[in-house]
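Here the structure is laid out as structure tokens; the discussion comes afterwards.
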Amino acid sequence: MSPLSDPSAVVNPIAFHDYHPAPADLRAEVLEGLAKPRKRLSPKLFYDAEGSKLFDAICELPEYYPTRTEIAILRESGAEMAKRLGREALLVELGSGSSLKIRVLLEALRPAVYMPVDISSAHLRESAQALAATFPGLQVHAVCADYSAPFALPVEDHEHPRAAFFPGSSIGNFEPVDAEQLLRRVAAILGPDGRLLIGVDLIKERERLERAYNDAAGVTAAFNMNLLHRINRELDGGFDTTRFRHEAFFNAEQSRIEMHLLSTCEQQVEVAGARFAFEEGETIHTECSHKYSIDGFHALARRAGFEPEQVWTDPEQLFSVHCLVSRS
Ligand code: AVI
């Protein structure tokens, strides 16, 4: 048994660093997004309590291959990844959520300090405490922050090598220029020779991609439509959700899945006292999920100040996990 998971070892209390990230200003974002000539809402707005539950359900769907494929890659190659990242590291996880994927790697990685970063305070505290209880030897510093905006690590630590973990292909939900900027900030946090382990969904045939975002059980449709329910609940919105439908397709030119909510008729909708007109067939663009080739992602990583070191994929080449080393 490793000292990290020895149940008789002392459980370190977690340190909680709250940067009080500003909650999304739902009203301002929705009014601005719906007033655009091409209506657009940020995918960040999906994740209220209901949306987070629906996203967890998406991860279990037979059509949604990214989650289970990435976990299989982490299980298969965890020991090699650990060699790359080095033992006794200070390991930062971006958007840690329930910290499920890091559990697969912790025994192999044996970090000295684990630093999950997440915007949702209650969820972060709960999952950090649960993780500290399973791995009693581990020092856990939970950081409540919005990782998509600049932030500094809360502890001065130059003793341990630095590493970061960014799973789930969440990088794909950023426009490539924003993804590059985010990676540049991660490189700066890591410092020279820091390692980033990052999950990236790969380009593949249209049919497989489109099935993953149009599941037969309609969970992704419910996840998308929840945004209108959320606006109705929180902003006194007047969306009749029977007059919209979920649409998801692969835009090959931009190498991304686009999700939209399509108005099935000409209509007017009131939200927070403002009125918005919809043509029949007009959409609200709600999400982009960019897909990369391995070379395409390496080029992006290099522009952001990283050097690709190793990449692991599954036998069908559906998904990739990269180890990048920072030059800055
Ligand atoms: C969180 N993110 C990586 C998911 C994706 O695949 O882009 C969000 C999602 N949207 C629909 N299904 C899943």
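Since we're looking at a predicted model, the values are computed, not measured. Atoms within each ligand, like the ligands themselves, are counted from 1 in listed order.
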Of all the non-hydrogen atoms in the protein, which one sits nearest to atom 10 (N) of ligand 1, and at what distance? Glu287 OE1, 2.7 Å
To which protein heavy atom is atom 3 (C) of ligand 1 closest, and what is the distance rounded to 0.1 Å? Asn173 OD1, 3.2 Å
Can a non-hydrogen atom of Gly172 be found less than 4.0 Å from any atom of ligand 1? no
With the threshold set at under 4.0 angstrom, would you say Gly168 reaches ligand 1 through any of its heavy atoms?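 Distance cut 4.0 Å: Gly168 passes for ligand 1.
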For [X], counting its heavy atoms only, list the atoms of ligand 1 lying under 4.0 Å from any of them.
| X | result |
| --- | --- |
| Tyr64 | 4 (C), 5 (C), 6 (O), 12 (N), 13 (C) |
| Tyr47 | 1 (C), 8 (C) |
| Ser169 | 3 (C) |

Relative to Phe278, does Lys39 satisfy both conditions: NZ or CZ under 6.0 angstrom from the six-membered ring centre, and within 45 degrees of the ring's axis? yes
Under 4.0 Å from ligand 1, counting heavy atoms only, is it the side chain of Tyr213, its backbone, both or neither? side chain
For residues 254-269, which residue pairs pass the salt bridge (charged side-chain N to carboxylate O under 4.0 Å, His left out) check, not counting sequence neighbours? Glu175-Arg256, Arg256-Glu258
Please confirm whether the ring centroid of Phe319 lies under 6.0 Å from the ring centroid of Tyr65.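 No, the ring of Phe319 stays outside the 6.0 Å limit from the ring of Tyr65, centre to centre.
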Are the aromatic ring centres of Phe223 and Phe46 under 6.0 angstrom apart?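 Close enough - the centres of the two rings lie under 6.0 Å apart.
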Is the backbone of Ala79 close enough, under 3.5 Å, to the side chain of Arg84 for a donor and an acceptor to pair up by distance?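 Side chain of Arg84 to backbone of Ala79: no pair is present.
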Is the shortest N/O to N/O distance between Ser289 and ligand 1 below 3.5 Å?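 The answer is yes, given that Ser289 and ligand 1 share an N or O pair closer than 3.5 Å.
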Do any N/O atoms on Thr220 end up under 3.5 angstrom from N/O atoms on ligand 1? no
Whether over 12 other heavy atoms sit under 6.0 Å from Arg27 CZ: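 No, because the 6.0 Å sphere around CZ of Arg27 holds 12 heavy atoms or fewer from other groups.
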Tracing side-chain links under 4.5 Å among I, L, V, M, F, W and Y, which residues wind up in one group with Phe249? none
